[in-house]
Amino acid sequence: MRLMQQITYSYVCFLLAIHSGYAADSPTNEQLEFFETRIRPVLVEQCYSCHNSSKEADGSLELDHRAGLLKGGDGGEIVVPGNPQASRLLAILRHEVPGTKMPQAGAKLDKSVIADFEKWIAMGAADPRDAPPTADEIAKATSWETVLEKRKQWWSLQPVRNVEPPVATGNSWSDHPVDRFILVKLHEKDLQPNEKADPRTLVRRVYFALIGLPPNADESERWAIRVTEPNGFAELVDHLLSSPHYGERWARHWMDWTRYADSHGSEGDPEIDHGWLYRDYLIRALNADVPYDQMVREHIAGDLLEHPRINSQQGINESLIGTAHWRMVFHGFSPTDALDEKTRFIDDQVNVFSKAFLGLTVSCARCHDHKFDAIGQKDYYALFGILSSCRPGRTAIDVQEKLDMNRARLAELKPQIKAAIAKVWLKSNTALIEKLLAEKAEPKKKDSGKSVMQSWSLFRSDIDDGMSVAEAWQERVKEWNDERIDRSAHEQRDSLRRWRFDNAEDLSEWTRTGSGLSDERPAAAGEFAIASQGNTALVGIYPSGVYSHRLTAKHAARLTSGDVPIDGEYDLWLCAIGDNAASTRFVVHDYPRRGVVFPTTDLKNQWQWIKFDMSYWSGDRMHVELTTGSDAPVLVKNQSRSWFGVREVMILPNGESPPHESNEMLDPWFQVAEKEPPKSLDDAAHQLAASIEAAIQAWLANTMTDAQAYLLDACLKQGLIPNELDAMEDAKTIVTEYRELEEAIPVPTRVPCLEETIARTQSIYIRGDHKHPGEDVSRGFLSAINDKPYSTKQSGRLELAEDVLRADNPLTRRVIVNRLWHHLFGRGIVPSPDNFGRLGQTPTHPELLDHLASRFQSQGGSIKAMIRFLVTSKTWQLASHPSPQALQVDPDNQLLSHAHVRRLEAEAIRDSLLSVSGSVDLGMFGEPVNGNSKRRSVYIRVTRNALDPFLRAFDFPEPFSAVGRRDVTNVPAQSLTMMNDEQIASLASAWAKRVLQMNLVTDEDRIRSMFVDALGRPALAEEIHRAQNYLVETASKYADAAKQLTELQQKIDEQRSAIDQLIEPMRSRLFADSKTKTVSMEKIPPKPIGRWLFGDSLQDAMGSADAEVKGGAHVEDGALILNKLGYAVTSPLKQTLKEKTLEVWVQLDTLAQKAGGVMTIQSSDGAAFDSIVFAEKSPNQWLAGSNNFSRTQAFDGPEETEAANRVVHVAIAYHSDGQIVGYRDGEIYGKPYQSDGPYEFKAEKTVVSFGVRHLPAGKGRMLEGRIIRAELYDRALTAAEIKASSGSITSFVSEAQIAAALTEAERRRLDADRIELAKWEAEFKELRQVSEPSDDHPQWTDLARAIFTFKEFLFVK
Amino acid sequence: MSNQHLSFGPFSRRSMLQRCSTGFGAVALAGLLQQTASSASTKLPVGAAMNATHHAPKAKHVIFCFMSGGVSAIDSFDPKPLLNREHGKPMPVKIERTMFNKNGQIMGSPFEFTPAGECGMPISNMFPHIAKVADELALIRSMTSPLSEHAQANFFMHTGFPVMGYPTAGAWAAYGLGTENRDLPGYVVLQSGSATAPHGGVSLFSNGFLPAQHQGSIVKADKAEAIRNIRPHEAINVQRQRLDFVRQFDEPFLQETADGQVEAAIQNYETAFRMQASVPELCDISGETHQTLDMYGVNSPDVEMAAYARQCLLARRMVERGVRFIELSCLTRGIGAGNGPNPWDQHSELHKGHAAMALQVDQPIGALIQDLQARGLLDETLIVWAGEFGRTPFSQGSNGRDHNPYGFSVWMAGGGVNGGTIHGATDELGYYAVENKCTIYDMWATVLHQLGVNHEELTYRYGGRDFRLTDVHGNVIREILA
């Protein structure tokens, strides 16, 4: 008890003691100042918003006044004045209390700030805040404006200072500004820079850094000497910077920053058509050292620049291509919430853009103001609004002259053609009347008078049926009048929206893209299009409207409406025409893909009203799109010529009757005849002819009505007026000239890009939820840098580009020089290159960073100059081995006392393998390639759902966000790839072969050469010795294995012949017993290269192409049993085949099956194939199937009737001249025909399959039946050979039959022999698989493989 | 991209520091969780981001039976008698937008429900074998997802985000908890026969921004080359000889560079070499008894069932060997719209398709649960059974069902869940979850909880914020825990 009291007393005294300094109201001025300068600002900024006394006090903790702070919260006291140890606040700030890490959301306060708190508590926690602030004061103190002001103090938002390089005392090392900055910091830690790397290391390092390829032997020899001489290194740097491969290397870095991809991902993973032009653009721009500012400008708004950068050599607008990165977004598949999808892909754009160019994570402000950085939620939506004012689009990048090529001349020729044709037409009036009077066509009553000829025929047949002319005429007039009433009702009809494209005003509400739509005004009635080939003159004559092919269908064209809110259930109707994959759709919230609820309709070359039911999308926004095949934003169908025309678009309430189908072509005739009804048929014919003549005259005079245009078009289509060029000499001459000019126009090249439409004001989405829009936000930039809203009528991308590039934007240049530094030094001055915010890392050398940034800016943003500047520093050239002190003092090597050792990037590893093995194809640019290509890795297709497995293993990034710093991981997939990947083995073989073919005498020389090739240095004597030993040991291992194989083979042969001796006599006897003539198999000439007997295995009895069953197929009783699910496929063939014969003995389970393949030769992926197919095009017929029927025509042979009941023999011979001959049971089947084959199937890349038309296996390609035997020949057999071959086993003796005929003892012996044989065969196969040398120099290939896995090969030091 | 990524061997502190300094690991370390371990937590293996679990774990392994394409809840685990009574009548409530917009009338279930186990949980005759272990199941009938399209819903189900680029649940588990077997990946995706990655592709198994060794390794249960490039195409002695030869050059290079990455890469070849043996050993089921094989259905004449059974059996073998997270992949039967990536997707022929798919997975999964139980492993293994969404109570066309993310069933078994419980409910037609609505975040929060992880604490700093599997959401569904 006493003790307790004493303790309590002591405690109270203690409290009094520590409070006394304060309780006496006498905190010293220093203490108060400390609070005011170091503590209060942190409390206000970090704590007040959640822990205050007026609005919310999380955990009942009030930190806005002294009493609250001392009282603590639900968890008890947090500050014990004078006793930091007992103050829980410090543990919380240090993130040592699980679940209570403050400040909220993760960012730990700076160590120095926590130290301040510790000191402040130790000093007695002086706190003058007697009273809590008012709610207003809290609101003000915690308002975004206040927070923003504070956050703007962050280092990366401070102006870039032009810092002079410091002068280190006693610096005799280097004058280079970089080195001076580095040295000062090293000296601060008593460190010295390492020695310079040795010349060969330096050469290899600079090759990889600048061009991503290793120096070849000559280069490394030559430069290793040269770099030791004055200016030698600088010369090498210049040499590499001027190499075209420099652009390839650095474009790939850049592609990481903008998450380059060739497909959009998600279900379907559609291609980003021609996205690769952006990659080529980057390579060209970097090689040409286009200033960084310009490239950024082009990335943001290259399509809007007043003076774009023109590539006159290729005739393209380079600037425009830069915008393609905006389109490399991930697109979901057919979302039911299209606005959600749009919100997501714009977020993707904002995220990548802000990280790549500003080093900021703006996307973090989507749901609320940024938790750490000076980025408000309004800033996010200001940027979002810029991008939501744009739509996914595609644009032709050709220069205007190319796009406009021959435009003027074509426009001149058109009226001439018109005149020449009209002349012929006017002359053919008599013929026309005769034609009408001779017309006997049966009218289709049901359709009534839907066209001129129909109407005329009805008129005639009524008369023929006994009606008087007047009565018959009256019928027609009545019908015409009814139609006119309907038509006028249509004109008056109510609709949600309606656009008629006979007037410029309606058109002006639409966005026109492409030179096919360069006219602001719609075409007047009488517009026509000239056929690009053949004897037909005109494609059509059109009423007033918008047409993309007024001069040529090669012109690009996409027509889109403004946004329309669909505030109810509506149908969209379009009166349109078009051809060659031109299409139309309504686009919900700019979603560019197709889906069941995102329908698309291909246009037909005939006017029609197209309907889309939009009721599903009630409540959303849409726009209407008409596009040629090549100009759809995602649904691209590339066609050199494609066009569309549109007359009217309307939106009607869902389910209402369709718009009226106009038949105004009758107007000209009936208007004439109405006043003076025809008295006779002849009269009527003259009147009709006269109205047509009037229409032609009007056409000539450019005074045509829509009705007249329809009339002429109908006459043209119905053959009432001639449309054959042969029939019009004069016109033909001009049309020929027209066609030549049209033919010469290049098909425009399109890139994915953004379409500018009408700027829209974006609202904030409350908590990021697109279903909860908040206040509207003006478009603009980050308010921390420029808070002036954009007032442009365009999206604002131009303004955005200028804001990014403002001279006083502190981020842009810091970010890029840091990126360059990162790629050159292996670690950025700011180690988090995509994040210069609070959660990023701070610069190790801030002054150096600023020096570089201002230097970069003042020198015009030349990337090459900056790279040259950096790599010519001594720092960059240091050796990599760390000194003991450096390891001690600076284990992370932040101060760069030595060079970082770096593993090569995925691309550099692959490129090195190709390069060293001598296999690389250094061709530049163009369409993406597969991973098995020999091109450099930058050209490998980046398919989001199927990224290249080799590159992925070595940390190639998933394309979904800016990646300024790749992970460098170390996972077994890498080692397994290097150890076991067959591609790598074959590159090793190629390298070994190359070395052996070189003019080298001794193995020692060869080893030396390989070391220089791979490592850029000569081999040491000891290394040569080791390698020699290795060669010898390896060779002897292979020799041993070969010997074993030979022995086994011998055993197998003996065993086989023993079995044959047992069963062949029996087989012959059974053959003899059967009634059919037989020919001994062995006597059949010539020898096939592959033979599969399906005895009890799938072995190839001739070659080495053993088959393997897949799915549910199996071998049973001497046949391959196919049940429609399974099939068999061989290993790759060893030889290339062009001329060939496929031959097979097959029985079907049923004739009622379709398109199954019996035997197929094909490329490994099934993309190219020739196949014996049953019943694909016609039921029950055999067919020579091929990829997309490219070598297929019907044999037209008799329908199969027997194959379900017995084995039939089917063969197809592919002759060298392309002739394809089918055979059944030894007789020619149907008619041979000529193909443009034979297709060449390449060695090692070709397989044979049984039971599937082609790979990959799938529904509709599979066979139901059994294959008894199959043979493959490397030549086209003659009819006689096939006949001979077919006879061999028309009577089939199965293994089971033979077995049944043997005695019990024989059978037992046979079984035992077979078991033995199977064992040896398996052993042989296994041994061959692992031990058979892949080439004739296996020990050299092995050495090559070994060197490929040297860490020295995979790392740069 | 189907790769196998393991952690590397142990290193000196020096090499560790150096590795960090050169990019790799720098982020990993920044994200290390340095919480003080409470007494109930369990120490974790080297390489785990967490030193110890946050609390005592109930499970050490997760087997994720992903029913890609979307199983109909109202035909399997959530009986709705009203559906059959109202069959053919219009839906009484507004129909939400569907993928195919071919919405028909209410469609009764062609399956029959009977109470199963002592708990009496009604399970339809689609799943007779799973019904036998009903007392082990903790059923959630009120799961929801915000997405009704396969790829995005799959991403969401796996990563908590509807797009590619984020770490998948298996990667999070492997990252946080490490792996107990250095010769096998910590996160495995099993495939067999025609099974392929669901819509969204192999990115569904991605490590996202987590270190790459946590990426899902695709193991082909029935292929000689179970893991890409796992099979040497040469004699093992030749390969060993080469590795030893290479080592003679790598050692001096390591001396010269004194670099941790180089050291790790050298180790890595040894790990890979060992994997060449350990992976085939794992996949070799010749030592399993006939009884076991028959119980799983490995020799079933139904090709798909046999293939799926093999995955289930390998899953058990992996659990025995310490693999942290195993995902199983269904095979397609090509019925309805159910293709390789979405086998359960019966937009038509629901009865036929679901019956065939259920036949494929029912016996193997039932056997897996029983086998784990018999071996005393069920307690430490959490089985999660879920599709990316359910299917509509009204028909699509005549006999299919469209996607329904508004209310569907998932269940868990083993790993400390309270078997025989039913949590949450949908409305009378099984259209919307109406009682104790759950989210996929909740599901993963619960899974992590059972693994001894507080889902809010397992975070990784990337691109300006701390990410976690449950984004900023998720509540542990305590009602289903024992």
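In what follows, chains are A, B, ... by sequence order, proteins preceding strands, each numbered from 1.
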**Q** Does the side chain of B:Glu149 reach to within under 4.5 Å of the side chain of A:Ser266, using non-hydrogen atoms?
**A**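 B:Glu149 reaches A:Ser266 side chain to side chain.
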**Q** Decide side chain to side chain donor-acceptor pair (under 3.5 Å) for A:Thr969 and B:Gln213; before the verdict, give the C-alpha distance in whole Å, the side-chain angles of both, and the deciding distance to 0.1 Å.
**A** CA-CA 7 Å; A:Thr969 65; B:Gln213 65 263 36; 5.6 Å; no
**Q** For A:Leu951, is it the side chain, the backbone, both or neither that has a heavy atom under 4.5 Å from a heavy atom of chain B?
**A**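 Nothing of A:Leu951, per the 4.5 Å heavy-atom cut-off to chain B.
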**Q** Output, in order, the C-alpha distance, side-chain angles, deciding distance and verdict of side chain to side chain contact (heavy atoms under 4.5 Å, CB included) for B:Ile266 and A:Lys1351.
**A** CA-CA 7 Å; B:Ile266 294 170; A:Lys1351 306 310 163 285; 3.7 Å; yes
**Q** A:Arg903, A:Glu1023, A:Lys1110: which one forms the most heavy-atom pairs within less than 4.5 Å of chain B?
**A**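 Ranked by heavy-atom pairs under 4.5 Å with chain B, first place is A:Glu1023.
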**Q** Need one label for B:Gln255: side chain, backbone, both or neither, based on atoms under 4.5 Å from any heavy atom in chain A.
**A**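 Only the backbone of B:Gln255 comes within 4.5 Å of chain A.
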**Q** Measure distances from B:Asn237 to the heavy atoms of chain A and classify the residue's part below 4.5 Å as side chain, backbone, both or neither.
**A**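 Answer is both: backbone and side chain atoms of B:Asn237 are under 4.5 Å from chain A.
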**Q** Do we get B:Arg97 above A:Tyr616's six-membered ring, with its NZ or CZ under 6.0 Å from the centre and within 45° of the axis?
**A**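 Yes, cation above the ring, under 6.0 Å and within 45°.
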**Q** Do B:Pro162 and A:Arg344 come within less than 4.5 Å of each other through their side chains, counting heavy atoms only?
**A**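 They are in side-chain contact.
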**Q** Is any side-chain heavy atom of A:Met979 closer than 4.5 Å to one of B:Asn229?
**A**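 Contact flag for B:Asn229/A:Met979 side chains = no.
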**Q** Please say whether more than 12 non-hydrogen atoms of neighbouring residues, nucleotides or ligands are located less than 6.0 Å from CZ in A:Arg767.
**A**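 No, CZ of A:Arg767 has 12 or fewer neighbouring heavy atoms, counting only those of other groups under 6.0 Å.
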**Q** With rounding to the nearest 0.5 angstrom, report the CG to CD distance, B:Asp244 to A:Glu1033.
**A**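 Spacing of CG (B:Asp244) from CD (A:Glu1033) equals 10.0 Å.
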**Q** Quick one: sort the B:Phe249 and A:Phe1350 rings into parallel, tilted or perpendicular, breaks at 30° and 60°.
**A**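 B:Phe249 and A:Phe1350: parallel rings.
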**Q** So, are B:Glu234 and A:Arg1345 salt-bridged, with charged N and O less than 4.0 Å apart?
**A**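 Here B:Glu234 pairs with A:Arg1345 in a salt bridge, since their nearest N and O are under 4.0 Å apart.
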**Q** With a 4.5 angstrom heavy-atom cut-off, could you sort out which part of A:Asp955 is near chain B: side chain, backbone, both or neither?
**A**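 Side chain only.
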**Q** Checking heavy atoms, do the side chain of B:Phe253, its backbone, both or neither come under 4.5 Å from chain A?
**A**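 Side chain only.
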**Q** Tell me every residue that passes side chain to side chain contact (heavy atoms under 4.5 Å, CB included) with B:Ile236, counting only those two or more places apart in sequence or in another chain.
**A**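 Checked B:Ile236 against side chain to side chain contact (heavy atoms under 4.5 Å, CB included); matches are B:Pro232, B:Gln239, B:Phe273, B:Gln276.
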**Q** Does A:Gln888, at its CD atom, have more than 12 non-hydrogen atoms belonging to other residues, nucleotides or ligands within less than 6.0 Å?
**A**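 No, CD of A:Gln888 has 12 or fewer neighbouring heavy atoms, counting only those of other groups under 6.0 Å.
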**Q** Any chance CD of B:Glu251 has more than 12 other-residue heavy atoms, nucleotides or ligands included, within less than 6.0 Å?
**A**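 Yes - once you tally the heavy atoms of other residues, nucleotides and ligands closer than 6.0 Å, there are more than 12.
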**Q** I want to check something: taking the side chain as every heavy atom from C-beta on, are B:Ile230 and A:Asn980 in contact at a cut-off of under 4.5 Å?
**A**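 Counting from C-beta outward, B:Ile230 and A:Asn980 never come under 4.5 Å.
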**Q** Answer yes or no: is there a side-chain heavy-atom contact under 4.5 Å between A:His881 and B:Thr257?
**A**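 The answer is no; the side chains never approach within 4.5 Å.
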**Q** What part of B:Leu147 is in contact with chain A, defined as an atom under 4.5 angstrom from a non-hydrogen atom: side chain, backbone, both or neither?
**A**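 Side chain of B:Leu147 only, per the 4.5 Å heavy-atom cut-off to chain A.
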**Q** Counting only heavy atoms closer than 4.5 Å, note whether A:Ala879 contacts chain B via side chain, backbone, both or neither.
**A**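 For A:Ala879, no heavy atom lies under 4.5 Å from chain B.
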**Q** Would you mind checking which part of A:Tyr1038 comes under 4.5 Å of any heavy atom in chain B, side chain (CB onward), backbone (N, CA, C, O), both or neither?
**A**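 A:Tyr1038 touches chain B through side-chain heavy atoms alone.
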**Q** Which atoms of A:Leu1343 come close to chain B, meaning under 4.5 Å heavy atom to heavy atom: side chain ones, backbone ones, both, or neither?
**A**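 A:Leu1343 touches chain B through side-chain heavy atoms alone.
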**Q** Mind checking whether B:Pro211 and A:Asp967 have side chains closer than 4.5 Å, heavy atoms only?
**A**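 Of all side-chain heavy-atom pairs linking A:Asp967 with B:Pro211, none is under 4.5 Å.
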**Q** Is there a donor-acceptor contact under 3.5 Å from the side chain of B:Asn101 to the main chain of A:Val597?
**A**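 Flag not set: sc B:Asn101 to bb A:Val597 has no pair under 3.5 Å.
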**Q** Output all residues satisfying side chain to side chain contact (heavy atoms under 4.5 Å, CB included) with B:Asn404, sequence neighbours left out; order by chain, then residue number.
**A**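 Counting only residues at least two positions away or on another chain, B:Asn404 forms a side chain to side chain contact (heavy atoms under 4.5 Å, CB included) with B:Thr392, B:Pro393, B:Tyr406, B:Tyr431.
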**Q** Using side chain to side chain contact (heavy atoms under 4.5 Å, CB included), reason through B:Arg228 and A:Leu976 one step at a time and then give a plain yes or no.
**A** CA-CA 8 Å; B:Arg228 192 181 160 83; A:Leu976 288 171; over 6 Å; no
**Q** Could you check whether any side-chain heavy atom of A:Phe333 comes within less than 4.5 Å of a side-chain heavy atom of B:His150, counting everything from C-beta outward?
**A**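 SC-SC contact between A:Phe333 and B:His150 ruled out.
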**Q** Which answer fits A:Asn835, side chain, backbone, both or neither, if we ask what part of it has an atom under 4.5 Å from a heavy atom of chain B?
**A**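 Answer is side chain: those atoms of A:Asn835 sit under 4.5 Å from chain B.
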**Q** Please flag which part of A:Lys1037 lies under 4.5 Å from any non-hydrogen atom of chain B: side chain, backbone, both or neither.
**A**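 A:Lys1037 touches chain B through side-chain heavy atoms alone.
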**Q** What verdict does the side chain to side chain contact (heavy atoms under 4.5 Å, CB included) test give for A:Arg944 and B:Ser203, after you've listed the backbone C-alpha separation in whole Å, the side-chain angles of each residue and the deciding distance to 0.1 Å?
**A** CA-CA 8 Å; A:Arg944 275 194 158 96; B:Ser203 293; over 6 Å; no
**Q** Tell me, side chain or backbone of A:Ser615 under 4.5 Å from chain B's heavy atoms, or both, or neither?
**A**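 When you check distances to chain B, no heavy atom of A:Ser615 falls under 4.5 Å.
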**Q** Please step through side chain to side chain contact (heavy atoms under 4.5 Å, CB included) for the pair A:Glu341 and B:Gln152, ending with a clear verdict.
**A** CA-CA 10 Å; A:Glu341 159 74 15; B:Gln152 286 164 303; 3.5 Å; yes
